[in-house]
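Any value given below was found using the heavy atoms of this structure, including those in side chains, with hydrogens, waters and symmetry copies removed. Whatever order the structure lists them in is the order used to number ligands and atoms, beginning at 1.
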Amino acid sequence: MNLTTITKKLEDVVDINNIVETISSHTVDTDKLGKIAKAAALTYTTYIISTKLYDAFFGPLSGLPGPIGFRFYGFQYSRSIGRKPGDMWECLKVWREKYGRVIRLGPNRIGISDKRMLRQIQVNDADFCKGPMYVSLQRRSPPTVFNLINRVEHKQRRRIISPAFSIKYINSLESFMQSTTNALVNRVDKDIKKTLDEQTGYGKVDIWLLVQYLALDVIGETAFGKTFNMLEKEDHLVSRAVNMQMERSFKLLTNPILGPLLMKLPNNGILKANEELKEFMKQIIIERLEGGEAVRRNDILQILIDSQRDNDPEQRLTAQMIAQETVLFLTAGSETTANTTGFVFVELMKHPEKLALLRQELDAVPFENDQKLLNHEQLKTLPYLNAVINETLRLDSIIVNGFERVPLKDTVLDGHFIPKGTILHINNYHAHIDNDYWPEAEKWIPERWIAGSGYPEADTEAFFPFSAGARNCIGQGFAYQEMRLCIANVIKLYDMEAISEEVIASDDRRSFITLGVRSGSYNIKMKRRTVTA
Ligand code: HEM
């Protein structure tokens with residue numbers, strides 16, 4: 001049967017001419033259509049407005065206090081004139097002070113800083129999952145242990161990664177942390193020499209910047225197989241790519257509409273940096289896989305690579321997943337630890353009497369034989385050192401913008417009815433600075449962490465610098481070890497003095513992903529002490 005016969009047969013079945021005639025006899029009344037469209041649009045708009053008004057003033061969240069605008073839009077869309085970038089955390093603090101511990105931060109968003117509620121939400125991961133901000137962070141790259149939303153998938157991924165963060169394994173990483181701390185000491189010596197004031201013997205050192213480099217080098221050594229040499233060379237493609245990633249995450253989180261669009265712009269640098277990073281990671285993983293036993297190294301990367309040999313295919317990470325998780329450790333583990341360490345120095349410079357107490361404690365721990373640096377065994381239980389770190393984690397918490405959890409079912413939290421799907425914007429930092437939980441909460445007082453010091457003891461129920469529960473920080477032990485080694489050795493080896501302008505400037509802070517000093521630098525005067533075994 002050819003095409004002409006098929007067409008003829010179709011014409012026999014369907015009388016095309018008749019159909020055309022019928023259509024043309026019904027002339028389209030455009031006026032009428034226009035009116036119908038207008039009525040439909042009006043009905044829809046009325047519906048939307050009345051639902052919004054209902055939710056705003058009569059819905060389940062309507063009884064909560066908060067700025068009136070947040071009944072209609074989320075706090076992240078509020079823009080006030082004259083605010084500097086990275087200042088949202090200060091607004092959140094003001095709203096917390098004005099409206100209380102449970103406040104409305106959006107049509108479907110509640111801000112929470114009550115310690116009991118915070119614990120209930122974070123510890124009970126069966127009922128609460130991570131919120132939409134984590135989904136937006138998944139764009140363009142496969143999810144990691146940090147932003148996997150599904151509970152079962154997260155649990156499985158965390159199980160694979162956990163051995164790399166066990167106390168025993170972190171202890172075994174100490175030699176890497178020692179070598180990077182040693183590189184820090186060399187760099188401090190070099191900077192002192194460069195800026196030496198012959199009269200006083202002091203040089204000027206940007207301790208904020210150096211601890212950033214230190215944290216990158218530590219993750220380089222432990223998760224990427226070799227140091228990035230940031231302390232020596234100050235530049236590495238991985239740190240560049242990570243800075244880009246942080247910038248990208250910040251834009252995605254703070255500009256829910258513009259952010260994703262900005263990311264799509266060609267030549268925004270991020271795609272190129274990501275490609276370079278992927279290539280870099282691919283080479284490292286291939287070297288490890290092909291080099292076999294000869295190139296085995298006792299580090300975090302090895303644990304991830306070894307998962308590929310697991311008998312259970314579900315327990316294996318693909319090369320891409322390994323790359324993704326390693327990059328996560330860099331973003332989650334460097335700025336967080338570095339800024340906390342930086343703030344320890346900021347606080348010690350503001351409180352010379354506390355610096356003296358810490359030095360006294362450290363001087364009582366002698367170097368043994370040819371020991372050049374104190375080791376973690378000597379440091380991990382020192383009361384004042386740990387008090388200094390904990391008090392900084394409390395008052396100078398680096399996660400100050402809060403993060404999201406969502407109840408999977410209708411819930412009652414401390415008497416508040418919370419419908420399923422409400423975004424809970426939890427802010428642990430606000431619990432850290434709550435005067436009802438911490439006497440003189442705005443003051444930096446390490447003694448509150450020391451039993452019998454005469455100061456009211458710390459309320460550990462209101463202390464969540466690493467979050468809590470199944471989604472808490474996997475790198476907590478890693479961070480403490482790195483911070484203890486760095487802080488203790490620097491204090492032991494150097495005399496230091498504050499520079500008053502720097503102390504004043506350090507109060508100007510910004511929070512993109514983490515809280516830091518706005519200038520990105522904090523100079524102090526330093527001089528080598530004569531400390532021997
Ligand atoms: C002082 C240093 C640190 C602080 C204050 C800190 C804080 C936190 C907080 C608050 C969370 C929960 C975030 C959320 O739920 O959105 C978290 C999660 C996480 N952190 Fe840290 N962190 C620090 C250091 C580190 C280090 C050194 C690493 C790795 C080397 C790391 C890796 C992670 C990972 C992988 C998660 C996600 C865990 C999961 O969801 O299962 N962190 N951290």
Atom 6 (C) of ligand 1: which protein heavy atom is closest, and how many Å away? Phe466 CD2, 3.7 Å

Report the relative orientation of the aromatic rings in Trp449 and Trp438; use parallel for angles under 30°, tilted for 30 to 60°, perpendicular for over 60°. tilted

Output for pair (Gln324 CD, Thr144 OG1), nearest 0.5 Å, gives 7.0 Å

Atom 21 (Fe) of ligand 1 has as its nearest protein heavy atom Cys473 SG, 2.3 Å

May I ask you to identify the nearest protein heavy atom to atom 32 (C) of ligand 1, giving residue, atom name and distance to one decimal place in Å? Ala332 CB, 3.7 Å

The closest protein heavy-atom partner of atom 29 (C) of ligand 1 is Phe165 CE2, 3.8 Å

For atom 24 (C) of ligand 1, grab the closest protein heavy atom and report residue, atom and distance to one decimal in Å. Thr336 OG1, 3.4 Å

Considering distance alone, does some N or O of Thr337 sit under 3.5 Å from an N or O of ligand 1? no

Would you please say whether a donor-acceptor pair under 3.5 Å links the side chains of Gln122 and Arg471? no

Do we see a donor-acceptor contact under 3.5 Å between the side chains of Gln178 and Asn182? no

Proximity to ligand 1 by part of Ile398, non-hydrogen separation under 4.0 Å: side chain

Looking only at heavy atoms, is any part of Gln476 under 4.0 Å from ligand 1, and if so is it the side chain, the backbone, or both, or is it neither? neither

At a 4.0 Å threshold, what atoms of ligand 1 neighbour a non-hydrogen atom of His154? 39 (C), 40 (O), 41 (O)

State the atoms of ligand 1, each with its element, that fall below the 4.0 Å cut-off from a heavy-atom position in Tyr134. 14 (C), 15 (O), 16 (O)

Here the atoms of ligand 1 under 4.0 Å from any heavy atom belonging to Arg158 are 38 (C), 39 (C), 41 (O)

Is any N or O atom of Ser467, backbone or side chain, closer than 3.5 Å to an N or O atom of ligand 1? no

Can you list the atoms of ligand 1 that are under 4.0 Å from a heavy atom of Pro465? 5 (C), 7 (C), 10 (C)

Heavy-atom check, side chain of Tyr169 versus side chain of Asn298, under 4.5 Å: yes

Heavy-atom nearest option to atom 36 (C) of ligand 1, drawn from Phe146, Phe343, Phe478: Phe146

Would you check if Thr337 and Met483 make a side-chain contact, meaning some heavy-atom pair closer than 4.5 Å? yes

For Phe464, is the nearest heavy atom under 4.0 Å from an atom of ligand 1? no

Any Arg405 heavy atom less than 4.0 Å to ligand 1: yes

Note the single closest protein heavy atom to atom 26 (C) of ligand 1, along with its residue, its atom name and the distance in Å. Gly333 CA, 3.3 Å

Could you tell me whether ligand 1 has any atom less than 4.0 Å away from a heavy atom of Glu404? no

Any idea which atoms of ligand 1 are less than 4.0 Å away from a heavy-atom of Val145? 35 (C), 39 (C), 40 (O), 41 (O)

Return yes or no for this condition: an N or O of Thr340 is under 3.5 Å from an N or O of ligand 1. no

Using 0.5 Å steps for rounding, measure from the CZ atom of Arg158 to the CZ atom of Phe146. 12.0 Å

Of all the non-hydrogen atoms in the protein, which one sits nearest to atom 40 (O) of ligand 1, and at what distance? Arg471 NE, 3.1 Å

One finds that the ligand 1 atoms under 4.0 Å from a non-hydrogen atom of Leu328 are 35 (C)

Assess the pair Trp444 and Phe343: is the distance between their ring centroids shorter than 6.0 Å? no

Aromatic ring proximity Phe70/Tyr99, centre distance under 6.0 Å: no

How about Leu289 and Ile305: do any of their side-chain heavy atoms sit closer than 4.5 Å? yes

Quick check for you: to the nearest 0.5 Å, what is the distance between Arg509 atom CZ and Trp89 atom CH2? 6.5 Å

Would you indicate whether the side-chain heavy atoms of Glu502 and Ile207 approach each other to under 4.5 Å? no

Work out whether the distance between some heavy atom of Lys130 and some atom of ligand 1 is less than 4.0 Å. yes

For the aromatic rings, using the six-membered ring if either is Trp, is the centroid distance between His236 and Phe224 under 6.0 Å? no

Heavy-atom check, side chain of Glu391 versus side chain of Ile445, under 4.5 Å: yes

In terms of residue, atom name and distance, what is the protein heavy atom nearest to atom 35 (C) of ligand 1? Ile474 CG2, 3.5 Å

Of all the heavy atoms in Asn472, does at least one lie under 4.0 Å from an atom in ligand 1? yes

Check Leu184, Leu485, Ile219, Leu209 against Leu214 for a side chain to side chain contact (heavy atoms under 4.5 Å, CB included) and give me the one that passes. Leu184

